[in-house]
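Computed from heavy atoms alone, side chains included, the values below leave out hydrogens, waters and symmetry copies. All values reported here derive from a predicted model rather than from experimental measurement.
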Amino acid sequence: MATKLSVNLNAVAMLRNRRDLPWPSVTGLGRIALAAGAHGLTVHPRPDQRHIRFSDLPEIRALIDDEFPHAEFNIEGYPTDDFLDLVEEHQPEQVTLVPDDPAQATSDHGWPFERHGNFLKPVVARLKKGGMRVSLFADPEPEGLEAARATGADRVEFYTGPYGSCHSDSEKATKELEKLGKAADAAVALGLGINAGHDLTVANLAPLVRRVPELAEVSIGHGLTADALEYGMAETVRRFLRSCEG
């Protein structure tokens, strides 16, 4: 079964927010992505609303419910009380918990599960009680994955930034890919589902899918949005879907 593609709309929202105007439309481009075959939409509503705004969430929820009921809504964020209230209000199919400081430009590391397991466990239980799948942002290292499983989470999302940064160094990319593969092997052995995201492109996604055939979902924003400026959103989604086949 091919890896599913969730289109991250943060970069679209950031472009919109440069002006006090309603375009580019976050829901409009989300609609084009889903119509072209994307399996879901991802957002990361940060406290300062520098890209996705809280007001976007009910519109995206309604878009999926009314027009694409088989698609999924994935909301990422650090589990503050305000964030948990937000996801419980908008009921995404999946919540991805990240260990971000609010000032970070983007998610750039996974949870230290051994240290934060006791913090995460009740959060995971609360979200799962609400019917949401829970994924935890993780560095691609086998160490700590047992602690991740002990939180009760359904999946881990491996941070692929170091792999994505090897776009001009094939030897280093091969090493980073194998690192991801070994971490995925360990996750599978523990019964954890696997997601991945960060700096994935049409070129580097297919090798990842071949090395990690159990990869359930990728969430892609920056590279996909950049390609959409050149190819259009619909054709870009189709290109990434082909890469999702390995």
Straight-line distance of [X] [atom1] to [Y] [atom2], nearest 0.5 Å:
X: Leu63; Y: Leu41; atom1: CG; atom2: CG; answer: 6.5 Å
X: Glu245; Y: Ser243; atom1: CD; atom2: OG; answer: 9.0 Å
X: Leu208; Y: Thr3; atom1: CG; atom2: OG1; answer: 7.5 Å
X: Phe158; Y: Leu136; atom1: CZ; atom2: CG; answer: 11.0 Å
X: Ile52; Y: Glu76; atom1: CD1; atom2: CD; answer: 10.5 Å
X: Ile60; Y: Leu9; atom1: CD1; atom2: CG; answer: 5.5 Å

Side-chain heavy atoms nearer than 4.5 Å, only ILVMFWY residues, links allowed to pass through others: does that put [X] and [Y] together?
X: Val209; Y: Val7; result: yes
X: Ile32; Y: Leu15; result: no
X: Ile220; Y: Tyr231; result: no

Is it true that, when you exclude [X] itself, more than 12 heavy atoms of the residues, nucleotides or ligands shown sit nearer than 6.0 Å to its [atom1]?
X: Asp81; atom1: CG; result: no
X: Gln49; atom1: CD; result: yes
X: Asn118; atom1: CG; result: no
X: His222; atom1: NE2; result: no

Q: Could you check whether the rings of Tyr78 and Phe119 sit parallel, tilted or perpendicular, using 30° and 60° as the cut-offs?
A: parallel
Q) Can you say whether the rings of Tyr159 and His198 are parallel (under 30°), tilted (30 to 60°) or perpendicular (over 60°)? A)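 Answer is perpendicular, since the angle exceeds 60°.
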Looking at [Y] and [X], is any side-chain nitrogen of the basic one under 4.0 Å from a carboxylate oxygen of the acidic one?
X: Lys4; Y: Glu72; result: no
X: Glu235; Y: Arg242; result: yes
X: Asp56; Y: Arg16; result: yes
X: Arg211; Y: Glu178; result: yes
X: Arg46; Y: Asp82; result: no
X: Glu141; Y: Lys182; result: no

Atom of [X], atom of [Y] and distance for their closest heavy-atom approach:
X: Glu176; Y: Pro162; result: OE1-CB, 3.6 Å
X: Pro79; Y: Val123; result: CB-CG1, 3.8 Å
X: Pro45; Y: Leu86; result: CG-CD2, 3.9 Å
X: Val237; Y: Ala38; result: CG1-N, 3.7 Å

With a 3.5 Å distance limit and no angle check, can you tell me whether [X] reaches the backbone of [Y] through a side-chain donor-acceptor pair?
X: Asn17; Y: Arg50; answer: yes
X: Tyr163; Y: Asn204; answer: yes
X: Lys128; Y: Arg133; answer: no
X: Asp139; Y: Gly110; answer: yes
X: Thr151; Y: Lys121; answer: no
X: Glu217; Y: Leu5; answer: no
X: His39; Y: Ser6; answer: no

Heavy atoms, side chains only, cut-off 4.5 Å: are [X] and [Y] in contact?
X: Arg126; Y: Leu84; result: yes
X: Leu57; Y: Val87; result: no
X: Thr236; Y: Glu230; result: no
X: Leu127; Y: Leu97; result: yes
X: Glu146; Y: Leu190; result: yes
X: Glu143; Y: Glu114; result: no

Q. Under the salt bridge (charged side-chain N to carboxylate O under 4.0 Å, His left out) criterion, do Asp227 and Arg238 qualify, and how do the steps go?
A. CA-CA 11 Å; Asp227 278 10; Arg238 289 190 285 267; over 6 Å; no
Pair [X]-[Y], side-chain donor/acceptor within less than 3.5 Å:
X: Asn8; Y: Thr42; value: no
X: Thr160; Y: Asp199; value: no
X: Glu157; Y: Asn195; value: no

Q) Is Arg61 positioned over the aromatic face of Phe73, cation under 6.0 angstrom from the ring centre and no more than 45 degrees off axis? A)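 No - Arg61 does not lie over the ring of Phe73 by the 6.0 Å and 45° rule.
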Q: Begin with the C-alpha distance, continue with both residues' side-chain angles, and end with the deciding distance and a verdict on side chain to side chain contact (heavy atoms under 4.5 Å, CB included) for Phe240 and Val218.
A: CA-CA 10 Å; Phe240 273 89; Val218 288; over 6 Å; no
Q | Evaluation steps, side chain to side chain contact (heavy atoms under 4.5 Å, CB included), between Phe83 and Ile75 | A | CA-CA 10 Å; Phe83 175 80; Ile75 300 182; 3.8 Å; yes
Q: Go through the steps to decide whether Glu67 and Arg31 satisfy the test salt bridge (charged side-chain N to carboxylate O under 4.0 Å, His left out), and finish with yes or no.
A: CA-CA 8 Å; Glu67 300 181 39; Arg31 178 181 289 107; 2.9 Å; yes
(Q) Quick one, Glu59 with Val26, criterion side chain to side chain contact (heavy atoms under 4.5 Å, CB included). Give me CA distance, side-chain angles, the key distance, then yes/no. (A) CA-CA 9 Å; Glu59 295 182 1; Val26 171; over 6 Å; no
Q.
As a quick check of understanding, evaluate side chain to side chain contact (heavy atoms under 4.5 Å, CB included) for Val95 and Asn74, giving each step before the final call.
A. CA-CA 6 Å; Val95 180; Asn74 174 44; 5.7 Å; no
